[in-house]
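The structure appears right after this line, and notes come after that.
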Amino acid sequence: MALRIYDTRSRMKKNFIPLVEGKVSIYVCGITPYSPSHLGHARQAISFDIITRWFRKLGFQVTYITNFTDIDDKIIKVALEENIDFQEVSKRNIDNYFDVMDKLNVLRADEYSKVTETIPEIIDMISILMNKKHAYIAEDGVYFEIDTAPEKYGQLTGQTLEMVRSGAGGRVGQTGGGKRDHRDFALWKNAKSGEPYWPSPWGNGRPGWHIECSAMSLKHLGETFDIHGGGRDLMFPHHEAEIFQSECCLDRENVVKYWLHNGMINVDGEKMSKSLGNFTTISETFDSVKPLALRYALLNAPYRQPIEFNQSMLEESQMHYNRLLNTYLEAANIATSGVWSKNIFLNSVTERFTQGMNDDFNTRIAFVEVQSVIKKLQELISNGNKEDTISAFLGWLDEFAGDVLGLIPGVDELNTLAEEIDKKRNDISVLVEELLIQRQKAREEKNWEYADEIRDKLNSMNVIVEDSPQGPKWKIED
RNA sequence: GCACGGAUGGCAGAGCAGCUAUGCAAGGGAUUGCAGAUCCCUGGACCCGGGUGCAAAUCCCGGUCCGUGCUCCA
């Protein structure tokens, strides 16, 4: 069963064939840390988290590189507004990024490359482009000259030089002070007074936006690599600029073998973005929903599809996630140790799950299978099935809902959670047990009114009472 | 305007030629004093108009509507 992935450049799903057998090299454009991370960043990070997890599951040795654009105009702007060093701005937002991504169970990349730590490589690359006459010096910096490689234009977006020329309309001439052509883009920006800068052969300044990714992917992954990822909105001009830079610098085509782009998060049908002001930060979202429930929400559609974000989808995901976790915990209480491979039901589930994931990482299909396992597991539990069967199902959930989809909290986290609940339980258990005895007595006397009164009282203590054939059970609402 | 996507039941959202998607919601039932949790069953859909095929939600042509990109953006 071959893995098929959608390549933006060729606009079709292709069988994945790595450059080096058994290995995958991945570079994904990261964030510009000028403000706290929003849901769009979560979607990108989770999409590629899933992709790397699946590659590992298939047995590939994965090298996953991403980056922080830790110097740019917006960071400088914030720093000036707050009268602090630009590095303070980037550091606090990078801290926020790691904080929320850890909570979302996004595994760490092998490397988080920073622009400020890649300046020599960037300068080298620009020098090569200068030597090869692909770049020119203008009054305000160094620019890449599109006309030196016109055939490379529009590889990801299907546009030609002419289309952009005519379509740009009023924008022509407005952008980039020293550009010869409005479609040229900056490789190096000269520093204005008061701005942070690095010395270079072309004067003090800082890198343009696009060159960093070409330099960083070259630095960490070499001249060619398997997958380059990022949000759809980066296709043009950012990724097309990368194609110009890397291919012209290295004198080769297909530096990147497969281009992958994740879909956007929408609000009221429109893309969530800073400029529209319709964004929600990840931290804010955690106020109303658990991190892994948000993860669930963002994996509920295949990574390329847009996702409509609103309160009801969040609530629905919270419910699904709760059901998954509750079932998992219930099973864990019964299970001993789990080997699922001999179970026919689980074998067929695994096959469909794998087919789904192998079809361009279709997590929606994977979720359907997880749901069917949960359902079956509930049935097994309520029928008082044998421990080893339940253990097998638990083992499956650990492997697929846990390791692959990242929806089960880690052992440490579960233990901490269990300790907290135990502690809360212990604090009130004497009282609760006593009330339950009174309630049972009332129930035996068919004094339903009093019995319900006690249950209401327990509810107000965040205690949920569930009657069962084995007598009442209670748990603390979280 | 140009480029690239998308339009599926009340909602979310797969499928992309033949076989029940799935979940939520709705209706019915089991269990229960009631509730909760859980399980079972039911109805309900493929934007419009043409075409190709034995067969089309799925392919082709023409519309309509929506989104993204063409400026910083995950």
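Chain A is the first sequence line, chain B the second, and so forth, proteins listed ahead of strands; every chain is numbered from 1. Please read all numbers here as calculations on a predicted model, not as lab measurements.
Using a 4.0 Å heavy-atom criterion, one finds that A:Gly263 contacts the bases of the nucleic acid, with or without backbone contacts as well. Counting any heavy atom pair closer than 4.0 Å across all strands shown, A:His38 reaches a base atom. Residue A:Gly231 is in sugar-phosphate contact alone, with no base atom involved, counting any heavy-atom pair closer than 4.0 Å across all strands shown. In this structure, A:Glu316 reaches the bases: a heavy-atom distance under 4.0 Å links it to at least one base atom across the strands shown. Across all strands, A:Gln378 comes closer than 4.0 Å only to sugar-phosphate atoms, never to a base (heavy-atom distances). Using a 4.0 Å heavy-atom cutoff across all strands shown, A:Met319 reaches sugar-phosphate atoms only and no base atom. A:Val28 comes within 4.0 angstrom of nothing in the nucleic acid, heavy atoms only. Note on A:Met264: a base of the nucleic acid sits closer than 4.0 angstrom, heavy atoms only. Residue-level contact check: A:Glu369 touches neither bases nor backbone, having no heavy atom under 4.0 Å from any strand. Counting any heavy atom pair closer than 4.0 Å across all strands shown, A:Arg9 reaches no nucleic acid atom.
Between the P atoms of B:rC66 and B:rG29, the separation comes to 45 Å (whole Å). Spacing of P atoms, B:rA30 relative to B:rA35, comes out at 12 Å, to the nearest Å. Spacing between B:rU8 and B:rC46 at atom P, rounded to whole Å, works out to 11 Å. Rounded to the nearest Å, the gap between the C1' atom of B:rA55 and that of B:rG18 is 6 Å. Across B:rA17 and B:rG23, the matching P atoms stand 25 Å from one another, rounded to whole Å. Spacing of C1' atoms, B:rA25 relative to B:rG10, comes out at 7 Å, to the nearest Å. Across B:rC47 and B:rG15, the matching P atoms stand 15 Å from one another, rounded to whole Å. Straight-line distance between the P atoms of B:rA74 and B:rU38: roughly 39 Å, to the nearest whole Å.
Ring planes of A:His320 and A:Tyr296: parallel class, angle under 30° (limits at 30 and 60°). Using bins of under 30°, 30° to 60° and over 60° for the plane-to-plane angle, the ring pair A:Phe68/A:Tyr97 lands in the perpendicular bin.
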- Task: Start with the C-alpha gap between A:Arg11 and A:Asp7, add the side-chain angles, then the distance that decides, and say whether salt bridge (charged side-chain N to carboxylate O under 4.0 Å, His left out) holds.
- Result: CA-CA 6 Å; A:Arg11 278 186 223 117; A:Asp7 171 45; over 6 Å; no
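Not a single donor-acceptor pair, N or O on each side, falls under 3.5 Å between the base of B:rC72 and the side chain of A:Asp72. For A:Glu270 and B:rG67, a side-chain-to-base donor-acceptor distance below 3.5 Å is absent, hydrogens and geometry of angles not being considered. If you check distances only, the side chain of A:Asp452 does reach the base of B:rG33 with a donor-acceptor pair under 3.5 Å.
Distance CD1 (A:Ile265) to P (B:rA74): 13 Å, rounded to an integer number of Å. When the C1' atom of B:rU68 is taken as reference, atom CG of A:Asn266 falls 9 Å away, rounded to whole Å. In this entry the distance linking CG of A:Leu260 with C1' of B:rA74 reads 14 Å, nearest Å. Rounded to an integer number of Å, the gap from CG of A:Leu377 to P of B:rC39 is 10 Å. One atom, CH2 of A:Trp448, and another, C1' of B:rC34, lie 8 Å apart when rounded to the nearest Å. Remark: P of B:rG67 and CG of A:Asn262 are 20 Å apart, rounded to the nearest angstrom. Separating the OH atom of A:Tyr321 from the P atom of B:rA12 is a distance of 25 Å, rounded to the nearest angstrom. The separation between A:Ile227 atom CD1 and B:rA74 atom P is 21 Å, rounded to whole Å.
Salt bridge present: A:Asp49 and A:Arg53 bring a charged side-chain N and a carboxylate O closer than 4.0 Å. No salt bridge links A:Glu145 with A:Arg183; every basic N to acidic carboxylate O contact stays at or beyond 4.0 Å. Using a 4.0 Å cut-off between charged side-chain N and carboxylate O, A:Asp72 and A:Arg206 make no salt bridge.
The side chain of A:Arg304 contributes no N or O atom lying less than 4.0 Å from OP1 or OP2 of B:rG6. Within the structure, a side-chain polar atom (N or O) of A:Lys271 is placed less than 4.0 Å from OP1 or OP2 of B:rG69. OP1 or OP2 of B:rG23 sits under 4.0 Å from a side-chain N or O of A:Lys375.
Comparing B:rG33, B:rA74, B:rG23 by their nearest atom to the side chain of A:Gln371 picks out B:rG23. Comparing B:rA14, B:rA74, B:rC34 by their nearest atom to the side chain of A:Asp467 picks out B:rC34. For A:Lys74, the side-chain atoms get nearest to B:rC72 when compared with the rest of B:rG36, B:rG33, B:rC72. Taking only side-chain atoms of A:Leu234, from C-beta outward, the nucleotide of B:rA74, B:rU22, B:rA12 with the closest atom is B:rA74. Of all nucleotides listed (B:rG67, B:rG69, B:rC72), B:rG69 comes nearest to the side chain of A:Asp233. When distances run from any side-chain atom of A:Asn362 to the nucleotides B:rG23, B:rA12, B:rA14, the shortest one goes to B:rA14. Among the nucleotides B:rC40, B:rG33, B:rA37, the one closest to any side-chain atom of A:Arg455 is B:rG33. Nearest to the side chain of A:Pro302, among B:rA14, B:rU22, B:rA74, sits B:rA14. Side-chain proximity of A:Ala301 to B:rC70, B:rG13, B:rC4: nearest is B:rG13. Among the nucleotides B:rA12, B:rA74, B:rC24, the one closest to any side-chain atom of A:Arg364 is B:rA12.
In this structure, A:Arg425 satisfies the cation-pi test against A:Trp474, with its NZ or CZ atom closer than 6.0 Å to the six-membered ring centre and inside 45 degrees of the ring normal. Annotation: cation-pi geometry not satisfied between A:Lys14 and A:Tyr6 (NZ/CZ under 6.0 angstrom from ring centroid, within 45° of ring axis). Annotation: cation-pi pair A:Lys57/A:Phe400 present, NZ/CZ under 6.0 Å from the ring centroid and within 45° of its normal.
The six-membered or imidazole ring of A:Tyr34 lies away from that of A:Phe86, with a centre-to-centre distance of 6.0 Å or more. Between A:Phe48 and A:Tyr64, the ring center distance fails the sub-6.0 Å criterion.
Taking the O4'-C1'-N9-C4 or O4'-C1'-N1-C2 dihedral as appropriate, B:rG27 has a value more than 90° from 0 and is therefore anti.
Where A:Arg323 and A:Met235 meet RNA chain B, the nucleotide closest to each residue was compared, and A:Met235 sits on the side nearer the 5' end. Place A:Ser382 and A:Phe236 on RNA chain B by their nearest nucleotides, and A:Ser382 ends up nearer the 5' end.
A:Ser246 places no side-chain N or O within donor-acceptor distance of the main-chain N or O of A:Ile243, the cut-off being under 3.5 Å.
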- Message: Give the dot-bracket line for RNA chain B from 5' end to 3' end: parentheses for intra-strand Watson-Crick or G-U pairs under 3.5 Å, square brackets for crossings, | for inter-strand pairing, dots for unpaired.
- Response: (((((((..(((.....[...))).(((((.......)))))....(((((..]....))))))))))))....
